[in-house]
Amino acid sequence: MRSFLVTATALTLFIGGIVILLFFGGFWGYILGIPAVQIGIVFIIFTFEKLSSIGIVFIIFTFEKLSSDSMDGDIERQKEEFKKLKR
């Protein structure tokens, strides 16, 4: 849950900063938009590092790979492959 909140915060800062830069040009757009984008990028980098170190990104990739192989119909082989990747 905590990683979701950090990810949501990072994306909100990044996208919000871009929106501020696009729609509120001028002094306040630059004063608020540029730092929001920069902080959002830093948070995204740290969030991705944390998620990849935990292995969540790897698990999501594994589920996507298994779902793309689901046309084979060999569920037992897919389970074994998932167990190998999980280690």
Side-chain angles (χ1 to χ4, degrees):
M1 181 67 175
R2 183 176 177 205
S3 62
F4 172 75
L5 291 175
V6 173
T7 305
T9 303
L11 291 174
T12 302
L13 277 171
F14 180 67
I15 294 171
I18 291 174
V19 168
I20 289 172
L21 283 172
L22 289 176
F23 294 116
F24 302 104
F27 180 74
W28 288 110
Y30 295 126
I31 295 296
L32 298 175
I34 292 174
V37 170
Q38 291 175 341
I39 293 170
I41 289 172
V42 170
F43 274 14
I44 288 171
I45 290 169
F46 285 136
T47 302
F48 183 76
E49 179 186 1
K50 182 75 171 175
L51 290 177
S52 63
S53 68
I54 292 173
I56 292 175
V57 174
F58 181 72
I59 291 171
I60 291 171
F61 173 76
T62 304
F63 279 127
E64 287 178 355
K65 183 176 183 323
L66 289 176
S67 65
S68 67
D69 292 340
S70 64
M71 300 302 285
D72 294 342
D74 188 10
I75 296 174
E76 293 301 321
R77 183 187 60 78
Q78 292 174 3
K79 287 180 183 178
E80 291 299 322
E81 185 177 342
F82 177 70
K83 287 178 185 176
K84 288 178 187 175
L85 291 174
K86 192 175 175 181
R87 294 180 205 159

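Every value quoted in this text rests on a predicted model; they were computed, and no experiment measured them.
The heavy-atom pair separating G17 from A36 by the smallest distance is CA-CB, 3.7 Å.
Of the listed residues (L11, I39, T7, V6), just one forms a side-chain contact (heavy atoms from CB on, under 4.5 Å) with I44, and that residue is L11.
With sequence neighbours left out, I34 forms a side chain to side chain contact (heavy atoms under 4.5 Å, CB included) with L21, Y30, Q38.
Cluster annotation: L22 and I15 are assigned to the same hydrophobic cluster (Ile/Leu/Val/Met/Phe/Trp/Tyr, side-chain heavy-atom contacts under 4.5 Å, transitive).
If you take CG on L13 and CD1 on I20, they are separated by 9.0 Å, rounding to the nearest 0.5 Å.
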